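To start, the structure itself, in structure tokens.
Each ligand, and each atom within it, is numbered from 1 in the order the structure gives. Since the structure is predicted, the reported quantities are computational estimates derived from the model, not experimental observations.
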Amino acid sequence: MNKRLAVVTGGIGGLGTEICRHLARDGRQVIAIDLPSRQERIEAFRGEVASFDGAIDFTPADVSDFDNCRALVEGIEAEHGPVDVLINAAGITRDTSLRKMTPEQWHQLMRVNLDGIFNTCRQVVEGMCERGFGRIVNLSSVNGQTGQFGQTNYSAAKAGVHGFTMALARETARKGVTVNTVSPGYCDTPMVAAVAPSVREQIIAGIPVGRLGSPADIARAVAFLAADDAGYITGANLPVNGGYFMSF
Ligand code: CAA
């Protein structure tokens, strides 16, 4: 059997890079998707995954653009075959309190963090259902579950991600396609490094495990849900937050 093909959006990012590595170690052929404008980071990424001997590749695309995503998936399928695994890890922040938030800060974030999931899933779901196999994992956030000061846009989008996951999971459950959410807590990534040090220190003090999460902590959970034998888990949210938010 050919290697299963996995597409990871935000694939060269703080979490995405490690997700690509975990999937490749699990025997997937991996294609990382990210913005073409991140040229420096793309070069660094190529170096970081060079030891995987071609199992991890990079293709540029903008997840906020539906037509771009359609062309992307058509191109990938023509070159590599069907997409079996889709990981939606592309995300941005535009943190500011609501009273200062501009419509642009709201819409930019929605276009990437929420529209992006529609734009990519819409391209692959039909083929997955026809072939009787698919694994979709969408990245939400603990801040979608709890809300965070300065993140009305981000919290709304990330809560929306899991609503999307649950609805699509119902639509595909009979077809061998699972759809799940992973909700990271605060992790050691550039996104969290951008939070003011005093705020960040307060947040870390509130994490029961006593540290930021590592990208590997998140990638492990994503790879678990993306495994071939994870077929009875669907519509679930897997929190990976060091105990920062516990719920049942
Ligand atoms: N909690 C309580 N009060 C806060 C606050 C907070 N987190 N942040 C600001 N305030 C207070 C301010 O001290 C200020 O008080 P006064 O009016 O009494 O002086 C008041 O709220 C008004 O603040 P502003 O509207 O001026 O907002 P700001 O510009 O000072 O701060 C912010 C906005 C920088 C976004 C700040 O709220 C903040 O850092 N929030 C946390 C952002 C955060 O955690 N982002 C996560 C990014 S990483 C990520 O998202 C990954 C993931 O999934 C976990």
Indicate whether atom 19 (O) of ligand 1 is within a distance of less than 4.0 angstrom of some protein heavy atom.
no
Within a distance under 4.0 Å of any heavy atom of V192, pick out the atoms of ligand 1 and give their elements.
48 (S)
Check V182, I87, I117 against N138 for a side-chain contact (heavy atoms from CB on, under 4.5 Å) and give me the one that passes.
I117
Candidates E77, Q29, R28 - the one meeting side-chain contact (heavy atoms from CB on, under 4.5 Å) with L5
Q29
of all protein heavy atoms, closest to atom 49 (C) of ligand 1 is M191 SD, 3.7 Å
With heavy atoms of G150 as the reference, note each atom of ligand 1 found under 4.0 Å away.
35 (C)
So, for T165 and V179, which heavy atoms are closest and what is the spacing to 0.1 Å?
CG2-O, 3.4 Å
State, to 0.1 Å, how close Q105 and K100 come at their nearest heavy-atom pair, and which atoms those are.
OE1-O, 3.9 Å
Any carboxylate oxygen within less than 4.0 angstrom of a Lys/Arg side-chain nitrogen, looking at D228 and R4?
yes
Salt bridge R38-E43, side-chain N to carboxylate O under 4.0 Å:
no
Compare Y244, Y186, F149 and give the one whose heavy atom is closest to atom 1 (N) of ligand 1.
F149
Contact between C187 and ligand 1, counting heavy atoms under 4.0 Å?
no
Among non-hydrogen protein atoms, atom 51 (C) of ligand 1 lies closest to Y154 OH, 3.5 Å
Looking only at heavy atoms, is any part of I203 under 4.0 Å from ligand 1, and if so is it the side chain, the backbone, or both, or is it neither?
side chain
Heavy atoms of the protein only: does one fall short of 4.0 Å from atom 31 (O) of ligand 1?
no
Would a 4.0 Å cut-off, counted as strictly less than, catch a protein heavy atom around atom 44 (O) of ligand 1?
yes
Atom 34 (C) of ligand 1 protein-contacted (non-hydrogen atom, under 4.0 angstrom):
no
Any atoms of ligand 1 less than 4.0 Å from a non-hydrogen atom of V199? List them with their elements.
39 (O), 41 (C)
Per-atom contact, atom 5 (C) of ligand 1, protein heavy atoms, under 4.0 angstrom:
yes
For the atom pair CE (M166) and CG (N180), what is the distance rounded to the nearest 0.5 Å?
11.5 Å
E126 atom CD, over 12 foreign heavy atoms within 6.0 Å:
no
Among all protein non-hydrogen atoms, which one is nearest to atom 25 (O) of ligand 1, and what is the separation to 0.1 Å?
S97 OG, 2.5 Å
State whether any protein heavy atom lies less than 4.0 Å from atom 41 (C) of ligand 1.
yes
Above 12 or not: heavy atoms from other molecules or residues under 6.0 Å from CZ of R25?
yes
In the single-linkage hydrophobic clustering (I, L, V, M, F, W, Y; side-chain heavy atoms under 4.5 Å), do M191 and Y186 co-cluster?
no
Numbered in order shown, the ligand 1 atoms found under 4.0 Å of a heavy atom of S141 are 52 (C), 53 (O), 54 (C)
Can you check whether F164 and F118 have ring centres sitting under 6.0 Å from each other?
no
Ligand 1 atoms nearer than 4.0 angstrom to some heavy atom of G185 are 54 (C)
Counting only heavy atoms on the protein side, is anything nearer than 4.0 Å to atom 15 (O) of ligand 1?
no
Looking only at protein heavy atoms, which one is nearest to atom 22 (C) of ligand 1, and what is the separation?
R99 NH2, 3.7 Å
Do the side chains of D62 and R111 get close enough for a salt bridge, i.e. N-O under 4.0 angstrom?
no
Determine if the distance from atom 54 (C) of ligand 1 to the closest protein heavy atom is below 4.0 Å.
yes
Compare K100, R94, Q148, Q151 and give the one whose heavy atom is closest to atom 46 (C) of ligand 1.
Q151
Numbered in order shown, the ligand 1 atoms found under 4.0 Å of a heavy atom of T93 are 50 (O)
Give a yes or no answer on whether the side chain of N241 reaches the backbone of F245 with a donor-acceptor pair at less than 3.5 Å.
yes
